[in-house]
Number of protein chains: 2
Amino acid sequence: METVKRPGGRSARVRDAVRQATLAELAERGFGGLTVENVAERSGVHKTTVYRRWGNVEGLIADALELAREEPWPIPDTGSIEGDLRDIVRLVRTGFDDPEAGPVAAAFVAAAMQSPDAARSLHGFLAARHEQSAQVVRRAVARGELPEGVDAHEVIRVAIAPVYYRLFVSHEPVTQDDADRAAAAALTAARAGVL
Amino acid sequence: METVKRPGGRSARVRDAVRQATLAELAERGFGGLTVENVAERSGVHKTTVYRRWGNVEGLIADALELAREEPWPIPDTGSIEGDLRDIVRLVRTGFDDPEAGPVAAAFVAAAMQSPDAARSLHGFLAARHEQSAQVVRRAVARGELPEGVDAHEVIRVAIAPVYYRLFVSHEPVTQDDADRAAAAALTAARAGVL
DNA sequence: ATATAAACGCAACTGGAGTTGTCTTTGGAG
DNA sequence: CTCCAAAGACAACTCCAGTTGCGTTTATAT
């Protein structure tokens, strides 16, 4: 007999409540202020239960990231690689700028810096995002806008990296112009066959 | 009378001991494992003293960053902007790869994500580094290798950003080829007048 | 409908980070 | 040399994140 668990009852409700509470706490206090105890209280689930199922703060983060991974990501299709790339980088910028989703996204990045588990989760999450975004580059190659051998993932990386750098490393403000410039730089390099 | 404090005595020794201990702890346990208590014990300074002078872990980080800021940074001068840029990006990569200095540097980045104080310190630190690195670009302009209106700081940023992105956001391995490619992409964009 | 094992709730406990009041040391001015 | 204010050492305390043992609920298989 296959002891397949089908979580449709109490466990599922607990899981959802904790996930929601984690996201809410993350939005309010950021990663540094995330506590198992606070998540437990907010979710209405007893803290020992949270400790047993999620272990610690890192577990909560990893689980929340898995949830976020399933949300669809609007890939732009403006007709030109120039517009598509620009929109992707803008989307990254505004995503972190958003007063609601921004802190949560930033918390994920912060968490990944201190927890190998969270780092793996974020890596997987971004790999999925990159794979979707890379499609934009492949379309451009098909249209003849970019040379054949271009590394789609690398183009995306080079385009968005300066935005992340300003946000999380140098801690400078990021304008839309900054985002557009980064997209343009990546595009130029891609066209020249450097990427 | 100018009540100028000249810290050449006990206070200075305490300060140095704490700074050293902070760096050592950071190297061993990273930012997440940094504790005022551990720093106090390792330095031989009583923990109440550390708490009163540095306040908390963030204060220790900010102070250590100020110390690191004074260390000189070897600006390459290969004769061409291509070589200079490449060496700068390689230097960033190897800096975080170094088993001794790497964890400390990574800890600074992690700390800046959770503490506005540390963020300011890191911002200042990197601003100084960037200003030095930008010289390489200005030399290139003087030699006619790059167009006049190029934004020196932006060239540096675009060049090193992909390395930081891989290290601290997507958590992918970073090869020397990756570093060289990022430098080449930034250079191409700069030559084309995009940066 | 009922049995049962997993999941959850609960209260009490543990340990360590951070705080406070007070005493002691020390560097430097006169 | 003497004095004294600033800085440090010390011990005792508080508080909260995380743990443990055990009783209770509940989803699911039969």
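Letters A, B, ... are given to chains in the order of the sequence lines, protein chains preceding strands, and every chain is numbered from 1. The model shown is predicted, which means the values in this text are computed figures rather than measured ones.
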According to a strict under-4.0 Å criterion, is R13(A) in side-chain N/O contact with OP1 or OP2 of dA27(D)?
-> yes
Kindly say whether D117(A) contributes a backbone atom to a donor-acceptor pair with the side chain of E58(A) at under 3.5 angstrom?
-> no
Each nucleotide N or O in nucleotides 12-17 of chain D that has a protein N or O under 3.5 Å away: list the pair and distance.
{"from": "dA17(D)", "atom 1": "OP2", "to": "E37(A)", "atom 2": "OE1", "distance (Å)": "2.6"}

Are the side chain of S43(A) and the backbone N or O of V39(A) linked by a donor-acceptor pair below 3.5 Å?
-> yes
side-chain hydrogen bond (donor to acceptor under 3.5 Å, both in side chains) against R52(A), all qualifying residues, sequence neighbours excluded = none
Spacing between N56(A) atom CG and dT19(D) atom P, to the nearest angstrom = 8 Å
For dG8(D), take OP1 and OP2 only and decide whether either is under 4.0 Å from a side-chain N or O of R53(B).
-> yes
Donor/acceptor link under 3.5 angstrom from R52(A) side chain onto base of dG9(C) | yes
Test side chain to side chain contact (heavy atoms under 4.5 Å, CB included) on R29(B) and N38(B) and set out the steps.
-> CA-CA 10 Å; R29(B) 320 194 189 206; N38(B) 288 338; 3.4 Å; yes
In terms of the angle between their ring planes, are F96(A) and F168(A) parallel, tilted or perpendicular, with boundaries placed at 30° and 60°?
-> perpendicular
Please state how far atom CH2 in W54(B) lies from atom P in dT19(C), giving the value in whole angstrom units.
-> 15 Å
Say whether, by atom type as modelled, one donor and one acceptor occur between the side chain of T175(B) and the main chain of D178(B) under 3.5 angstrom.
-> yes
Can a side chain N or O of H46(B) be found less than 4.0 Å away from OP1 or OP2 on dG8(D)?
-> no
Would you say a side-chain N or O of T49(B) is under 4.0 Å from OP1 or OP2 of dA9(D)?
-> yes
